[in-house]
Amino acid sequence: MSRDAERLPDEFALIAEIFAPLATDPNAFNLTDDAAIIASRPGKDLVITADMLIAGVHFFADDAADLIARKLLRVNLSDLAGKGAVPHGYLLTVALPRDVGMQWMRDFAKGLAQDQKQFGISLLGGDTTATAGPMTFSITAMGWADEGKMLRRSGAQPGDGIYVTGDIGDSALGLEVRRNGPIPNIPQEDADYLLDRYLLPRPRILLAPWLAGLAHGAIDISDGLAADLGHVCKASSLGARVMAGDVPLSQAARGALAQGSISLTQLICGGDDYELLLAIPNTAVVELKKRCAQLDIPITRIGEFTHSGEIVFTGPQGEKLEINSVGYRHF
């Protein structure tokens, strides 16, 4: 991360310049108080989720400040999407090394402002502190779901189709590009695309309002397709049968797969996709596809949930794939 000469002011000056302009909700009181108000909404439940990003663990310390901010917000928005919740507001806590300067923070706030406008969410409050350790950020995001209709991992039923949005595995390849540069024999435009998919997730927030009437269960794919499917199966006491050849891959990922730069198993186990995995009954398939088409969100059926507790991935030639990854582990 490039440092700048303009050092951070005291905490209150930092809040006033950097964060208060992001608090557009009047119930945040321009961040001049110790708390905000969230008024109840008839017929709605307030859904709350939190994610933390740490330099050297979840992002590179020299990534662009605005991209770090946008990824931080978007991974939380992806959690809300997986619950079928519409964004409302968020709390932000930051722990900053003392050599972080004001220009870096201005760029960070610019990224937050850009995505706040895009996704209809506002800063409500938080906390700032200095740290002798790595740069650390945490967001607690809140959104609204229909009362009693928040989607859970435990809602899948036998016979439900397993559907995923978007493409799988791009972020795992993008991380490889970020670490080691372009993948051999892969066009530069593909490498750029993969890097962008790693740096900037695409939370499926537009689909969220419709999911409660369509899906029995859902999860956002952050730890990897295989691991997050496992989370749903465990919570729902089910098994699953997945046709690995039906897992949607981007043109760039297919190119890397054809070149032998990565295996299908690695793509299935890679993390940070931030797509949605949905348990969809047959009666809702037509409506799901209609909504996804209207929103320009790709949707693909990759298998079904089963009574058996076993999760089986079948390869393109009908062979059983050995999936050993448990996905990203926080400890």
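The main-chain N or O of T32 is never found under 3.5 Å from a side-chain atom of N30 such that the two would form a donor-acceptor pair. No donor-acceptor distance shorter than 3.5 angstrom exists from the side chain of Q103 to the backbone of E6, with no hydrogens or angles considered. A side-chain donor-acceptor contact under 3.5 Å links E319 to the backbone of Q317. With hydrogens and angles ignored, the 3.5 Å screen pairs a side-chain donor or acceptor of R74 with a backbone N or O of P201.
More than 12 heavy atoms of other residues, nucleotides or ligands lie within 6.0 Å of CG in D10, so this atom counts as buried by the packing criterion. For CG of N180, the number of neighbouring non-hydrogen atoms (other residues, nucleotides, ligands) closer than 6.0 Å is greater than 12. More than 12 heavy atoms of other residues, nucleotides or ligands sit less than 6.0 Å from atom CD of Q294.
When all heavy atoms of L77 and P87 are compared, the closest pair comes out as CD2-CG, 3.7 Å. N27 approaches D25 most closely through the heavy-atom pair N-OD1, 2.8 Å. Taking both residues in full, the closest heavy atoms of A244 and G315 are given as CB-CA, 4.4 Å, listed atom of the first, atom of the second, then distance. Taking each heavy atom of S154 and A235 in turn, the nearest pair found is CB-O, 3.4 Å. Of all non-hydrogen atoms in G82 and A218, the two that sit nearest each other are O-CB, 3.4 Å. Of all heavy-atom pairs between V86 and P209, the closest is CG2-CG, 3.7 Å.
Partners of T93 by side chain to side chain contact (heavy atoms under 4.5 Å, CB included), not counting sequence neighbours, listed by chain and number: D127, S138. Shown here are the salt bridge (Lys or Arg N to Asp or Glu O under 4.0 Å) partners of D66, two or more places apart in sequence or in another chain: there are none. In terms of the salt bridge (Lys or Arg N to Asp or Glu O under 4.0 Å) criterion, R152 has no residue partners (sequence neighbours excluded). Every residue two or more places apart in sequence or in another chain that forms a ring-ring contact (aromatic ring centres under 6.0 Å, His included) with F108 is listed here: W104, F137. Checked against side chain to side chain contact (heavy atoms under 4.5 Å, CB included), A16 has no partners two or more places apart in sequence or in another chain. Residues satisfying the side chain to side chain donor-acceptor pair (under 3.5 Å) criterion with N76, sequence neighbours excluded, are absent altogether.
The hydrophobic cluster containing I37, built from Ile/Leu/Val/Met/Phe/Trp/Tyr side-chain heavy atoms closer than 4.5 Å, also comprises F29. In this structure, I38 belongs to a hydrophobic cluster whose other members, linked by side-chain heavy atoms under 4.5 Å apart, are L46, I48, L91, L124, M142, W144. The hydrophobic cluster containing F12, built from Ile/Leu/Val/Met/Phe/Trp/Tyr side-chain heavy atoms closer than 4.5 Å, comprises no other residue.
Applying the side chain to side chain donor-acceptor pair (under 3.5 Å) test to pairs two or more places apart or on separate chains, those with a residue in residues 195-204 are D196-R202, R197-E275, R204-E275. Applying the salt bridge (Lys or Arg N to Asp or Glu O under 4.0 Å) test to residues at least two apart or on different chains, the pairs with a partner in residues 227-244 are R241-E304. Screening residues 38-48 for salt bridge (Lys or Arg N to Asp or Glu O under 4.0 Å) gives K44-D146 as the qualifying pairs, with residues at least two apart or on separate chains.
Considering only heavy atoms from C-beta on, D272 stays 4.5 Å or farther from D170 through its side chain. The side-chain heavy atoms of D223 and H231, taken from C-beta on, include a pair separated by under 4.5 Å. Residues C269 and I323 are in side-chain contact: their nearest non-hydrogen atoms beyond the backbone lie under 4.5 Å apart. At a threshold of 4.5 Å between non-hydrogen side-chain atoms, the residues Y163 and T300 do not count as touching. When side chains are defined from C-beta on, V164 does not count as touching L276, because their heavy atoms never get closer than 4.5 Å. When side chains are defined from C-beta on, Q157 does not count as touching S236, because their heavy atoms never get closer than 4.5 Å. Residues L112 and L73 are in side-chain contact: their nearest non-hydrogen atoms beyond the backbone lie under 4.5 Å apart. For the pair F305 and C233, the minimum side-chain heavy-atom distance is below 4.5 Å.
Side chains of S171 and D273: no donor on one and acceptor on the other come within 3.5 Å. In this structure, a donor-acceptor pair under 3.5 Å is present between the side chains of T24 and S122. Defined by atom type and a distance below 3.5 Å, a donor-acceptor pair is present between the side-chain atoms of D220 and S78.
Applying the salt bridge (Lys or Arg N to Asp or Glu O under 4.0 Å) test between D63 and each of R178, K71, R70 identifies R178 as the sole match. Residue T49 is tested with I139, T140, D79 for a side-chain contact (heavy atoms from CB on, under 4.5 Å); the sole match is D79. Residue F60 forms a side-chain contact (heavy atoms from CB on, under 4.5 Å) with just one option from L67, L175, I68, and that option is L175. The only member of I162, I299, L214 that meets side-chain contact (heavy atoms from CB on, under 4.5 Å) when paired with L278 is I299.
Atom CG of residue L151 and atom CD1 of residue I219 lie 11.5 Å apart, to the nearest 0.5 angstrom. With rounding to the nearest 0.5 Å, the separation of CG in L194 from CD in E189 is 11.0 Å. How far CZ of F313 is from CG of L225: 5.0 Å, rounded to the nearest 0.5 Å. Between the CG atom of L264 and the CG atom of L321 there is a distance of 6.0 Å, given to the nearest 0.5 Å. Taking CG of D190 as the start and CZ of R254 as the end, the distance is 12.5 Å to the nearest 0.5 Å. Note that NZ of K289 is 13.0 Å distant from CD of E287, once rounded to the nearest 0.5 Å.
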Is there a side chain to side chain contact (heavy atoms under 4.5 Å, CB included) between S263 and Q266? Walk through the geometry before answering. CA-CA 5 Å; S263 69; Q266 287 173 305; 3.2 Å; yes
For H58 and M52: C-alpha separation, side-chain torsions, deciding distance, then whether side chain to side chain contact (heavy atoms under 4.5 Å, CB included) applies. CA-CA 9 Å; H58 305 99; M52 178 184 295; 5.5 Å; no
With side chain to side chain contact (heavy atoms under 4.5 Å, CB included) as the test, would you mind laying out the steps for T314 and K320 before giving the verdict? CA-CA 5 Å; T314 302; K320 183 177 179 180; 5.8 Å; no
The test is side chain to side chain contact (heavy atoms under 4.5 Å, CB included); show your working for Q259 and I186 and say whether it passes. CA-CA 8 Å; Q259 292 290 339; I186 296 297; 4.1 Å; yes
Working for side-chain hydrogen bond (donor to acceptor under 3.5 Å, both in side chains), residues Y193 and Q251: CA-CA 10 Å; Y193 172 81; Q251 174 183 317; over 6 Å; no
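Residues V312 and L229 are members of separate hydrophobic clusters, defined by side-chain heavy-atom contacts under 4.5 angstrom among Ile, Leu, Val, Met, Phe, Trp and Tyr. Under the 4.5 Å side-chain contact rule for hydrophobic residues, L8 and F19 share a cluster.
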